[in-house]
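Scope of the values below: all heavy atoms of this structure, side chains included, with no hydrogens, waters or symmetry mates. Here the structure is a predicted model, which means the values were calculated and not measured. Remember, it's 1-based here, ligands and their atoms both numbered in the order they're listed.
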Amino acid sequence: MKFNIVVLPGDGIGPEIIDQSVKVMNAVGNKFGHEFNYEYALIGGVAIDEEGTALSQATIDKCKKSDAVLLGAVGDPRFDDPQAPIHPEDGLLAIRKELGLFANLRPVHAYPSLFDHTNFKPGVLEGVDFVFVRELTGGLYFGQPKKRWTEKDGRWAVDSMLYSEHEIARIVRVGFEIARTRKKKLISVDKANVLQSSRLWRQVAVEISKEYPDVELEHMLVDACAMRIIQNPRYLDVIVTENTFGDILTDEASMLGGSLGMLASASLAGVPKAGNRTLGMYEPSHGSAPRHKGLNDANPIATILSMAMMLNYSLGLSKEAAAVEDAISKVLADNYGTYDIIGKGSTKVTTSRMGDLIAERV
Ligand code: IPM
Ligand code: MG
């Protein structure tokens, strides 16, 4: 089959890691007989430099016409001043909103070969394999009012954790659909003991659960979830939660995988159901790591795992996705690692070598 992929390398290590995804995809194309056409475009700091905006209309249009979007990373310390008029991250938030990417899937997997590399006891990590479904286009990130102002008594600021029942219902459905393909257990994370938006969230989750009698629904408070993630992560399977809670919990959970460089992510514009293809953007959960830019030492695995999610959710190529995931497990079992995941007895490799090793094993 033929597919059109928009590639947004972005800033920092973005171009280096995205090259590895393209390399592995080409290996998939050769092995399974698919043709991937790549169209490159700008986002983030490089887009501010070239186009004067962190996300141009031209880039948005290309993405909307594509089968899927691959993103490297966004962020550049040159724009770190909070007073700066535009930030590279604006491009990321804008593309999520423009493409309607409301569902962010972030799988957490503890690879046995990386147990040593974490701060956890092996007994805690054994069998850890769960997935976050993070709401991505609502809550504190986008809710109005969102502003700063000054009064006689000083400066004020507000962000709003605003949710409509429609927004809650569609993300909770994504949680149920994913739970259906796994252990049929969904944990909805909120702060319903304090927040109004969470009380509505919980109520809607209960209503939607009637559509999924085969899936068990559990509610968990976000603080308790933060604790559970490190106390007994094996208990977790599918977790659905709002935008900010998901942002924080996914960074925490990434430590179970040994490195932030292992955490993949898919951002989808539709509910993933068996046999459905939906527009999506695929990016590692880590940032642009500016200090590693151009050093060819960053870990490309999160980016390549994200590309595997693309094969699955946007291109309907689940066999091919599994081949990529297997290739990564093999490379790790063969004890190769980039600087962030090497332990005793393992061989340290560069970003591009890691890409080669994975491509060879597809
Ligand atoms: C993430 C990142 C982004 C977010 C930032 C870069 C805006 O932390 O994807 O988790 O907060 O969503
Ligand atoms: Mg984050």
Side-chain angles (χ1 to χ4, degrees), residues 8-14 17-18 42-48 53-55 63 69-82 84 86-108 130-143 146 159-163 167 171 174 189 222 225-226 229 239-257 259-269 280-293 298-299 301-303 305-307 309-310:
L8 307 173
D11 302 317
I13 57 170
I17 53 177
I18 211 83
L42 301 174
I43 190 170
V46 285
I48 298 177
T53 164
L55 180 70
C63 292
V69 180
L70 279 183
L71 175 72
V74 162
D76 183 327
R78 286 186 298 136
F79 304 96
D80 270 355
D81 178 1
I86 17 179
H87 297 101
E89 289 78 4
D90 298 343
L92 190 56
L93 298 180
I95 199 167
R96 289 173 179 172
K97 200 72 179 175
E98 288 287 341
L99 301 182
L101 306 172
F102 67 91
N104 182 221
L105 313 186
R106 294 186 168 179
V108 179
F130 59 97
V131 56
F132 279 99
V133 179
R134 169 188 173 194
E135 202 290 327
L136 203 59
T137 52
L140 290 176
Y141 281 58
F142 296 95
K146 181 182 195 62
D159 296 285
S160 307
M161 197 181 274
L162 182 71
Y163 273 107
E167 288 173 307
I171 192 70
V174 175
V189 168
V222 62
C225 182
I229 285 170
I239 299 172
V240 63
T241 192
E242 72 86 44
N243 204 343
T244 305
F245 296 162
D247 179 45
I248 299 168
L249 295 177
T250 53
D251 264 28
E252 183 195 358
S254 73
M255 291 296 103
L256 297 163
S259 166
L260 197 47
M262 299 295 296
L263 195 68
S265 111
S267 304
L268 308 180
M281 182 172 83
Y282 301 83
E283 58 174 313
S285 296
H286 59 72
S288 60
R291 279 181 296 131
H292 290 271
K293 178 180 177 171
N299 185 350
I301 293 182
T303 314
L305 279 171
S306 306
M307 182 274 288
M309 294 181 84
M310 173 193 77

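- Contacts between His87 and ligand 1, counted as non-hydrogen atom pairs separated by less than 4.0 Å, are absent for every part of the residue.
- Ile17 and Ala298 make their closest contact through CG2-CB, 4.2 Å (heavy atoms, listed as atom of the first residue, atom of the second, distance).
- Of the possible polar contacts, one joining the Ser306 side chain to the Glu283 backbone as a donor-acceptor pair under 3.5 Å is found.
- Coordination check, Asp251 versus the Mg ion (ligand 2): failed, since every N/O/S atom of the residue sits at 2.8 Å or beyond.
- Here CG of Leu8 is found 5.0 Å from SG of Cys63. Values are rounded to the nearest 0.5 Å.
- In this structure, CG on Leu268 lies 8.5 Å from CD1 on Ile171, to the nearest 0.5 angstrom.
- The nearest heavy-atom contact from the protein to atom 10 (O) of ligand 1 is Asp247 OD1, 2.9 Å.
- Between Arg96 and ligand 1, an N or O atom pair is found at a separation short of 3.5 Å.
- Looking only at protein heavy atoms, the nearest one to atom 1 (C) of ligand 1 is Arg106 NH2, 3.3 Å.
- Taking every non-hydrogen atom of Arg134 and a distance limit under 4.0 Å, the qualifying atoms of ligand 1 come out as 1 (C), 4 (C), 9 (O), 10 (O), 11 (O), 12 (O).
- With hydrogens left out, the protein atom closest to atom 4 (C) of ligand 1 is Tyr141 OH, 3.4 Å, a heavy atom.
- Note that the CE atom of Met255 and the CG atom of Leu260 stand 5.5 Å from one another [nearest 0.5 Å].
- In terms of modelled atom types and a separation under 3.5 Å, the side chain of Asp76 and the main chain of Gly12 share no donor-acceptor contact.
- Looking at Asp247 and the Mg ion (ligand 2) together, the shortest N, O or S contact belongs to OD1.
- Among all non-hydrogen protein atoms, the one lying nearest atom 5 (C) of ligand 1 is Leu92 CD2, 4.4 Å.
- At distances below 3.5 Å, at least one donor-acceptor pair connects side-chain atoms of Asp90 with backbone N or O atoms of His87.
- Counting heavy atoms under 4.0 Å from ligand 1, residue Glu283 does not touch it at all.
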